Amino acid sequence: MHFQFPPAAESKLVRASRGAVLDIIVDLRPESPTYLEHVSVELNAENHRGIFIPERFAHGYQALQDDTETTYHVGEFYTPGSEGGLLYNDPRLRLVWPLPITTMSEKDREWKALDDIEADLKLRMRASA
C-alpha cells in the first residue's frame, strides 16, 4: 500500500486497460472520520472503471488476471524521500485480497506495521493549515 507524504502527496487516477485488478485505497487523513477505512473496487478492461485516489490515501492493487496492464495519471512527481507504505496484510487495515499473494517486491514486504509507524504517519499526514 503506497503513498507519499505532504508536501509531495500524490493524487492518482488508475485504470486497468487490459486484464483486471482489485484496487484498494485507504484513508490516511488523521482528521477524517473515515481514517484507516478502505474502499475496494474491481477495475477491468470490460467495465472501463477508473478510481481516483486523493492525496493522503494509500493505494495498492492485486492483479486478477495474467498480462494485466494498468494506467496511472499522477498529480505529483515521484519523490523517493516522501514515499511511505503500509503492509498489505496489516491486521488493523482488515484488507481482503481475493487471491493468495504470490509475487511482491522486497520493498513492499519490508514496510513496518501500522502500530510501529502510526504516530509519525499521523504527524506527517496532518492537513496543512
Side-chain angles (χ1 to χ4, degrees):
M1 303 301 296
H2 304 121
F3 57 87
Q4 286 193 172
F5 288 103
E10 295 174 312
S11 59
K12 301 175 189 171
L13 178 61
V14 180
R15 281 190 68 239
S17 49
R18 180 173 55 214
V21 298
L22 179 74
D23 202 301
I24 300 178
I25 64 174
V26 178
D27 187 353
L28 299 181
R29 301 168 299 167
E31 73 281 2
S32 172
T34 59
Y35 174 68
L36 296 184
E37 291 183 18
H38 68 275
V39 172
S40 61
V41 63
E42 183 174 332
L43 309 176
N44 62 57
E46 287 74 41
N47 69 21
H48 303 288
R49 287 183 179 162
I51 188 167
F52 178 74
I53 300 105
E55 293 180 358
R56 301 188 301 142
F57 277 66
H59 168 252
Y61 67 77
Q62 181 179 48
L64 303 176
Q65 297 176 9
D66 290 339
D67 300 318
T68 291
E69 179 180 276
T70 57
T71 304
Y72 279 70
H73 298 274
V74 296
E76 183 61 57
F77 290 104
Y78 172 64
T79 308
S82 295
E83 183 180 29
L86 302 171
L87 290 169
Y88 74 97
N89 61 352
D90 192 301
R92 288 193 49 209
L93 298 177
R94 301 177 321 277
L95 306 178
V96 177
W97 302 100
L99 301 173
I101 307 298
T102 57
T103 304
M104 182 183 304
S105 73
E106 192 61 35
K107 177 172 74 171
D108 288 342
R109 290 186 188 281
E110 293 179 358
W111 295 121
K112 303 239 186 298
L114 183 57
D115 286 345
D116 296 334
I117 66 164
E118 188 170 21
D120 185 56
L121 178 88
K122 283 183 169 183
L123 181 67
R124 295 181 70 190
M125 283 293 188
R126 286 188 309 200
S128 57

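Everything numeric here is computed off the predicted structure, so don't read it as measured data.
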Begin with the C-alpha distance, continue with both residues' side-chain angles, and end with the deciding distance and a verdict on side chain to side chain contact (heavy atoms under 4.5 Å, CB included) for Trp111 and Leu87.
CA-CA 6 Å; Trp111 295 121; Leu87 290 169; 4.0 Å; yes
Minimum-distance pair of heavy atoms, taken over all atoms of [X] and [Y]:
| X | Y | answer |
| --- | --- | --- |
| Met1 | Tyr88 | CG-CA, 4.4 Å |
| Gly85 | Ile117 | O-CD1, 4.0 Å |
| Ala58 | Leu86 | CB-CD1, 4.2 Å |
| Leu22 | Val96 | CD2-O, 3.7 Å |
| Ala8 | Ser82 | CB-OG, 3.7 Å |

Please report the interatomic distance [atom1]([X]) to [atom2]([Y]), rounded to the nearest 0.5 Å.
| X | Y | atom1 | atom2 | answer |
| --- | --- | --- | --- | --- |
| Lys12 | Asp23 | NZ | CG | 9.0 Å |
| Lys122 | Leu28 | NZ | CG | 11.5 Å |
| Glu10 | His73 | CD | NE2 | 14.0 Å |
| Arg126 | Leu121 | CZ | CG | 12.0 Å |

Less than 3.5 Å apart, which donor and acceptor atoms pair up between the side chains of residues 98-106 and the rest of the protein, not counting sequence neighbours?
| unit_1 | atom_1 | unit_2 | atom_2 | d |
| --- | --- | --- | --- | --- |
| Ser105 | OG | Asp108 | N | 3.1 |
| Ser105 | OG | Asp108 | OD2 | 3.3 |

Test side chain to side chain contact (heavy atoms under 4.5 Å, CB included) on Leu93 and Leu36; report intermediate values, then the result.
CA-CA 7 Å; Leu93 298 177; Leu36 296 184; 4.1 Å; yes
Test: salt bridge (Lys or Arg N to Asp or Glu O under 4.0 Å). Region: [range]. Which pairs qualify, not counting sequence neighbours?
| range | answer |
| --- | --- |
| residues 35-54 | none |
| residues 83-98 | Glu83-Lys107, Arg92-Asp115, Arg92-Glu118 |
| residues 64-82 | Arg18-Glu69 |

Verify the neighbour count for atom OH of Tyr78: are there more than 12 heavy atoms of other residues, nucleotides or ligands below 6.0 Å?
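Result for OH/Tyr78: enclosed.
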Show which residues join Tyr72 in its hydrophobic cluster (side-chain heavy-atom contacts under 4.5 Å, direct or indirect), or state none.
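ILVMFWY cluster around Tyr72 also holds Val14, Val21, Ile25, Val39, Val41, Leu43, Ile51, Ile53, Phe57, Tyr61, Val74.
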Is it true that a side-chain atom of Ser40 and a backbone atom of Ile24 form a donor plus acceptor pair closer than 3.5 Å?
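A pair under 3.5 Å: no.
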Backbone N or O of Pro6 within a donor-acceptor pair of the Glu55 side chain at under 3.5 Å?
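Not at all, since once roles are kept as given, no pair shorter than 3.5 Å links the two residues.
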Test salt bridge (charged side-chain N to carboxylate O under 4.0 Å, His left out) applied to Arg29 - qualifying residues, sequence neighbours left out:
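Scan of Arg29 (salt bridge (charged side-chain N to carboxylate O under 4.0 Å, His left out), adjacent residues dropped) gives Asp27.
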Residue list, salt bridge (charged side-chain N to carboxylate O under 4.0 Å, His left out) with Glu31, at least two apart or on another chain:
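Glu31 satisfies salt bridge (charged side-chain N to carboxylate O under 4.0 Å, His left out) with Arg56 only.
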Quick one: ring pair (Phe, Tyr, Trp, His ring centres under 6.0 Å) pairs with a partner in residues 3-48, sequence neighbours left out?
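Sorted pair list: Phe3-Phe5.
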Check step by step if side chain to side chain contact (heavy atoms under 4.5 Å, CB included) holds for Leu64 and Asn44.
CA-CA 9 Å; Leu64 303 176; Asn44 62 57; over 6 Å; no
